[in-house]
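Starting from 1, each residue takes its place in the sequence as its number.
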Amino acid sequence: MAAPETLLLVASVLLLVSVIASKTSGRLGVPALLLFLAIGMLAGSDGPGGIEFDDARLAQSLGVLALALILFAGGLDTDWSSVRPALWEGLGLSIVGVLGTAITLATLLHLVLQYSFLEALLLGAIVSSTDAAAVFAVLRSKSVGLRGRLKPLLELESGSNDPMAVFLTIAVIRLLVPPAASAAAIAGTFVLQMVLGAAAGYGVGKAAVWLANRLRLEYEGLYPVLTLSLVLFTYGATAKIGGNGFLAVYLAGLVMGNSHFIHKRSIIRFHDGLAWLMQIVMFLTLGLLVFPSRLPAVAGAGLVTAALLMLVARPIGVFVTLLPSRMPLPDKAMVAWVGLRGAVPIVLATFPLLAGVPRADHLFDLVFFVVLTSVLLQGTSIPAVARWLGVGVAIEQRPPPLEAAARTSPDARLMEIRVPAGSRMGGKRLLDLDLPPGALVALLRRGGQVIVPDGGTPIAVGDELVILADEPALAEIRLLVESR
């Protein structure tokens with residue numbers, strides 16, 4: 001085994017090259033994940049780097065950890081008010097759409113490539129989830145947005161369809177590996193996993209908000225450590241009791257992200273950076289695990305599988321699921337095309353390797369080839385397809401002059417309000433004031449001091465609050481200040 005300093009040096013170089021490469025991805029119009037995978041492949045045993053790595057168990061463990069942290073960060077950054085109008089369509093795509101895509105692809109592969117139906121169903125389950133983060137990264141690089149409910153719908157689908165793909169993959173493996181489980185047992189497991197996962201995620205999310213607001217830690221830097229430990233606890237404990245840990249961490253993040261708690265902005269930034277680190281580590285590891293020299297052997301089957309997935313299976317799964325929806329046809333077509341595959345299918349492809357499924361090596365190489373094809377073809381064509389379908393809108397990539405400006409209406413303005421004697425606000429923490437949505441207390445003047453407040457800052461009589469909000473919110477705050 002290499003010396004620790006050698007491992008650290010190699011890891012730091014790979015991370016540094018990946019971060020620099022992400023800058024190039026926008027100019028090339030391809031998702032950064034493709035470059036991360038390429039760097040891992042170049043550094044691997046078949047590439048000039050020559051790093052020997054074939055530990056599927058370690059790759060799977062890293063992938064599960066990374067996916068849990070990425071899903072939590074995604075939930076933490078999801079605005080419930082924006083995704084709520086697309087709730088039923090998003091959940092439908094996450095459950096019915098994933099199942100429909102997997103079954104349709106399995107049927108086609110069984111007929112076209114003569115795979116056994118269970119082997120084809122395993123492949124369909126593995127590649128059934130999507131990666132919307134990669135989609136939005138490509139769109140942003142070309143200054144293209146998506147109109148109406150498309151963006152929140154894709155956000156919700158991508159955040160909630162991974163648990164279904166994980167469950168389907170494990171369920172089909174249980175059918176393939178003796179002793180085979182019955183369909184009734186698998187259906188019961190599905191219901192149990194989803195119910196326990198949803199309950200655990202909601203409960204831990206609420207408990208985390210309560211704990212963060214009342215623990216009163218001395219150091220701000222400990223709050224991200226607190227939330228990180230809660231993410232790991234949520235996944236581990238939920239999986240231990242038979243629930244779906246991925247669903248639990250996503251819901252815990254969603255509950256926290258749409259609640260008020262101390263140091264919220266710094267915690268969101270921490271988990272966003274951690275999610276990026278986990279994505280890079282996951283893609284690099286999976287790139288190291290694959291042997292590029294074996295990919296030509298699966299190129300024919302891989303191209304057929306990718307074509308059937310992108311052109312037939314995903315569209316059928318989407319259109320059947322959205323049949324009751326009144327979404328315009330171009331919107332549905334866009335949802336069908338942006339089913340971009342990310343690292344999750346490659347992580348799931350390690351499950352058959354460890355379970356002893358026959359031809360698991362062939363299956364892993366095939367999944368890797370399908371993901372690369374999806375990223376190259378779908379990833380690079382998304383902006384053009386959005387414009388062709390008329391669902392794309394131009395976006396101006398300009399940072400706001402104030403961080404808070406993005407969180408308030410265009411009519412927001414700054415105003416100073418003094419807390420008078422007898423005000424009901426006196427003695428309360430900023431977090432407990434229940435300020436109107438979009439209002440931000442930017443500064444607090446107390447005597448000769450200027451304080452940048454956070455949620456735990458107590459308000460005292462005589463304080464002058466510098467508030468950024470629109471006029472209706474300011475009027476509501478005035479009434480709150482003057483109430484006794």
Side-chain angles (χ1 to χ4, degrees), residues 2-53 58-59 62-63 65-67 69-71 73-74 77 131-145 158 224 228 266 268-292 295 340-347 368-369 371-383 395-400 403:
E5 57 270 21
T6 303
L7 293 175
L8 290 175
L9 177 61
V10 172
S12 65
V13 171
L14 290 176
L15 286 173
L16 183 60
V17 172
S18 299
V19 171
I20 296 173
S22 68
K23 182 73 175 176
T24 311
S25 69
R27 297 171 184 170
L28 297 177
V30 298
L33 67 89
L34 180 61
L35 298 181
F36 300 155
L37 284 171
I39 292 169
M41 294 167 67
L42 289 172
S45 54
D46 275 357
I51 299 175
E52 295 288 341
F53 181 78
L58 176 59
L62 286 173
L65 171 64
L67 184 55
L69 293 170
I70 291 168
L71 285 173
D77 199 39
D131 186 351
V135 173
F136 297 135
V138 173
L139 288 170
R140 279 195 302 271
S141 70
K142 299 299 181 182
S143 299
V144 177
S158 66
L228 175 59
S266 61
I268 290 177
R269 288 195 198 98
F270 169 80
H271 282 283
D272 182 55
L274 186 60
W276 271 108
L277 175 62
M278 289 296 101
Q279 286 190 66
I280 294 174
V281 169
M282 182 167 58
F283 294 139
L284 287 176
T285 303
L286 295 173
L288 289 171
L289 187 64
V290 76
F291 290 86
L295 294 183
L340 194 64
R341 268 62 207 173
V344 174
I346 307 176
V347 173
F368 199 95
F369 190 93
V371 170
L372 288 180
T373 305
S374 171
V375 172
L376 283 171
L377 296 182
Q378 288 180 296
T380 55
S381 66
I382 285 171
I395 57 175
E396 184 181 359
Q397 292 184 318
R398 183 182 63 186
E403 178 187 3

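- Expressed to the nearest 0.5 Å, how far CZ of Phe36 lies from CG of Leu286 amounts to 13.0 Å.
- Using a distance-only test at 3.5 Å, with no hydrogens or angles considered, a donor-acceptor pair links the side chain of Ser374 to the main chain of Arg341.
- A heavy-atom distance below 4.5 Å is found between the side chains of Thr285 and Phe53.
- No side-chain heavy atom of Leu274 sits under 4.5 Å from any side-chain heavy atom of Arg269.
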**OP:** Quick one: do Ile280 and Val19 satisfy side-chain contact (heavy atoms from CB on, under 4.5 Å)? Show the steps, please.
**Re:** CA-CA 8 Å; Ile280 294 174; Val19 171; 4.1 Å; yes
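- Put simply, the side chain of Leu284 reaches to within 4.5 Å of the side chain of Ser18, judged on heavy atoms.
- Between Leu9 atom CG and Leu14 atom CG the span is 9.5 Å, to the nearest 0.5 Å.
- Residue Ile346 holds its CD1 atom at 5.0 Å from CZ of Phe368, rounded to the nearest 0.5 Å.
- Rounding to the nearest 0.5 angstrom, the gap separating the CG atom in Asp272 from the CD1 atom in Ile70 is 11.0 Å.
- Rounding to the nearest 0.5 Å gives a distance of 11.0 Å between CG of Leu15 and CD1 of Ile20.
- The structure places CE of Met278 at 13.0 Å from CG of Leu71, a figure rounded to the nearest 0.5 Å.
- Listed here is the closest heavy atom pair of His271 and Ala73: O-CB, 3.6 Å.
- Heavy atoms only, all atoms of each residue included: Leu288 and Ala43 are closest at CD2-C, 3.7 Å.
- In this structure, Leu62 and Met282 have side chains that are not in contact, with every pair of non-hydrogen atoms separated by 4.5 Å or more.
- Taking the side chain as every heavy atom from C-beta outward, Leu69 and Leu228 approach each other to under 4.5 Å.
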